[in-house]
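What's counted below: heavy atoms across the whole structure, side chains too, no hydrogens, waters or symmetry copies. Throughout, a chain's letter reflects where its sequence line sits, starting with A, and its residues are numbered from 1.
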Number of protein chains: 2
Amino acid sequence: MSKFSPDSLAARLIAALPPSRVSRLRLDRGAAVFRQGDPASAVYVVEAGRVQLKRISADGAPLTLHVADAGESFAEASLSATHYHCDAIAETASVVLVLPKADLLTLMTTDPARGMAFTLAFASQVRDLRAKLELRNVRSAKERVLAWLRLRADGDPPSVLLNRSWTLIAEELGLTREAVYRALAMLERERRIGRRDGVISLQRPGRRSQHVSLRMR
Amino acid sequence: MSKFSPDSLAARLIAALPPSRVSRLRLDRGAAVFRQGDPASAVYVVEAGRVQLKRISADGAPLTLHVADAGESFAEASLSATHYHCDAIAETASVVLVLPKADLLTLMTTDPARGMAFTLAFASQVRDLRAKLELRNVRSAKERVLAWLRLRADGDPPSVLLNRSWTLIAEELGLTREAVYRALAMLERERRIGRRDGVISLQRPGRRSQHVSLRMR
DNA sequence: CGAAACGTTGACCGTTTTCAATTACAGTGG
DNA sequence: CCACTGTAATTGAAAACGGTCAACGTTTCG
């Protein structure tokens, strides 16, 4: 029933607590969920909108640590910290679920099986983040887009169902949307991908040649 | 006594098991720790060398998911998986610690407190990875280097003690070492940082002006 | 004592970012 | 039902920036 992918960290955190223990926070644009230095009291999940985690660095300049989109959790590390180390500010009007730290902690000691589920959810999150990070090591925009598609492709023929706008995907890729569109256009021209409404299909490298295009002389 | 920073995920995983349960694997360059499809039996920590995690994507092309350096753990998600979803190949001759999955799992159910420690360690890892990812959203090489320094600066005046070569840091930043050296040179020229042997000090933005340099007319 | 890795800087070239402009929709309030 | 507004999708042109190649001094280490 949740609008989150069921095996995401956020979904598992929510599922762990009875709904009665979870409260909802409505935030105007610019409002703070918490501030650097506040006592750490909860873990959060963005239900709608977008929340920025920022901190003032030692030299006085602001530093963005993370931007949590709808469906993502943030401030999980507050479980082990006494105080928040950054500000959490709504980038747009947002709705945030509040998962009290105390409830989560007692749950973990009370119910080891559940605690284990947590650990595993975090481990998956670590795996996913590492893959996203590795993706950024691909320098060429074209190859990076292709790698992103490969990461999510399955089926035969391998294909990806898009659930977000390319504009948003471009952000995840660390490219401008223009660069992404150009990369897609080139990949399509070279017959390395196919596009039909919201589905991208990957071409097996198969036999080489074909995408040689015209060449001089 | 370990050569790992004591609160890293890798260090905590190792500390959780009695040394007798941890074995050491010596790998030549190119040797595999495990292969895609093998039954998932352990979590690993790179003691020396470097291990690549790769998978063959649906369209048949190889895809790097992560590169684990010395001091880092990998394949934590094998805790919840029955089989590995990628190959783990030594990029150089390496030594890898093997932490049996079964031991870790029983430990977690046996000793809830320890299980909680795991979860917290994973949560920290998530926080760190998110910060690294966010760093990559800084487009300009100069600003990215500066942000990296801010992330690690503390003290007054804020400064960073380097423990690795800039060549390695450049990799983490997703830049070539040349780009990093140029960025450092510019930042120093603009008086935004100072360099003395292995220590970088950050200048408080203080009063503006000064770094205006000469301009035409 | 050499080889290999690190540190540094210059020049050039290719790619991406930026800036701009255009089309296509989806939702909205009258 | 229709202008009206905002976002998404595209593509072009120019500028900026980082990658690559090259060259060189320095340090490290077996």
*Asks:* Quickly work out the B/Arg50 CZ to C/dA5 C1' distance and round it to whole Å.
*Replies:*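 Taking atom C1' of C/dA5 as the reference, CZ of B/Arg50 is at 14 Å.
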*Asks:* Could you tell me how the ring of B/Phe34 sits relative to the ring of B/Tyr44: parallel (under 30°), tilted (30 to 60°) or perpendicular (over 60°)?
*Replies:*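 B/Phe34 and B/Tyr44: tilted rings.
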*Asks:* Within this structure, what is the SG-CG distance for the pair A/Cys86 and A/Leu53, rounded to the nearest 0.5 Å?
*Replies:*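 Interatomic distance, A/Cys86 SG to A/Leu53 CG, rounded to 0.5 Å: 4.5 Å.
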*Asks:* Over how many whole Å does the gap from A/Glu143 atom CD to D/dG19 atom C1' extend?
*Replies:*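 Spelled out: CD on A/Glu143 to C1' on D/dG19 is 16 Å.
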*Asks:* Looking only at side-chain N and O atoms, does B/Tyr181 come under 4.0 Å of OP1 or OP2 in C/dT9?
*Replies:*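 Looking at the OP1 and OP2 atoms of C/dT9, neither is under 4.0 Å from any side-chain N or O of B/Tyr181.
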*Asks:* Starting at atom CG of B/Leu175, determine the distance to atom C1' of C/dC6, rounded to an integer number of angstrom.
*Replies:*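 About 17 Å, once rounded to whole Å.
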*Asks:* Has A/Ser165 got a side-chain N or O lying under 4.0 Å from the OP1 or OP2 atom of D/dT7?
*Replies:*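 Checking D/dT7 against A/Ser165, no side-chain N or O comes under 4.0 Å of OP1 or OP2.
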*Asks:* Can you tell me how far CZ of A/Phe74 sits from NE2 of A/His66, rounded to the nearest 0.5 angstrom?
*Replies:*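 A/His66 atom NE2 to A/Phe74 atom CZ measures 8.5 Å (nearest 0.5 Å).
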*Asks:* Counting only side-chain nitrogens and oxygens, does A/Arg164 get under 4.0 Å of the OP1 or OP2 atom of D/dA9?
*Replies:*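 Negative; the distance criterion is not met.
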*Asks:* Report all interatomic pairs (protein N or O, nucleotide N or O of nucleotides 21-24 of chain D) with separations under 3.5 Å.
*Replies:*
unit_1 : atom_1 : unit_2   : atom_2 : d
D/dC21 : N4     : B/Glu178 : OE2    : 3.2

*Asks:* From CZ of A/Arg139 over to P of C/dG14, roughly how many Å is that when rounded to an integer?
*Replies:*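 Whole-Å distance recorded here is 18 Å.
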*Asks:* Distance check needed: D/dA9 C1' versus A/Leu162 CG, whole Å only.
*Replies:*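 Answer to the nearest Å: 13 Å.
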*Asks:* Within less than 4.0 Å of OP1 or OP2 of C/dT16, is there a side-chain N or O belonging to A/Thr176?
*Replies:*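 Negative; the distance criterion is not met.
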*Asks:* Rounded at 0.5 Å granularity, tell me how far CG in B/Asp28 sits from CZ in B/Arg26.
*Replies:*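 One finds 11.0 Å between CG of B/Asp28 and CZ of B/Arg26.
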*Asks:* Can a side chain N or O of A/Thr167 be found less than 4.0 Å away from OP1 or OP2 on D/dA9?
*Replies:*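 Checking A/Thr167 against D/dA9: at least one side-chain N or O falls below 4.0 Å of OP1 or OP2.
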*Asks:* Just checking B/Phe118 against A/Phe118, ring centres under 6.0 Å apart?
*Replies:*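 No; A/Phe118 has its ring centre 6.0 Å or more from that of B/Phe118.
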*Asks:* Measuring from B/Leu168:CG to B/Asn163:CG, what's the distance to the nearest 0.5 Å?
*Replies:*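 Between atom CG of B/Leu168 and atom CG of B/Asn163 there are 9.5 Å.
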*Asks:* Tell me the interatomic distance from B/Asn137, atom CG, to C/dT17, atom C1', rounded to whole angstroms.
*Replies:*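 So the two atoms are 15 Å apart, to the nearest Å.
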*Asks:* Going by an N to O cut-off under 4.0 Å, is there a salt bridge joining B/Glu47 and B/Arg24?
*Replies:*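 Judged by the 4.0 Å cut-off on N to carboxylate O distance, B/Glu47 and B/Arg24 do form a salt bridge.
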*Asks:* Whole Å only: how far is the CG atom of B/Asp197 from the P atom of D/dT27?
*Replies:*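 The answer, rounded to whole Å, is 13 Å.
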*Asks:* A/Met186 has an atom CE; how far is it from atom P of D/dG12, in whole Å?
*Replies:*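 It is 12 Å, rounded to the nearest whole Å.
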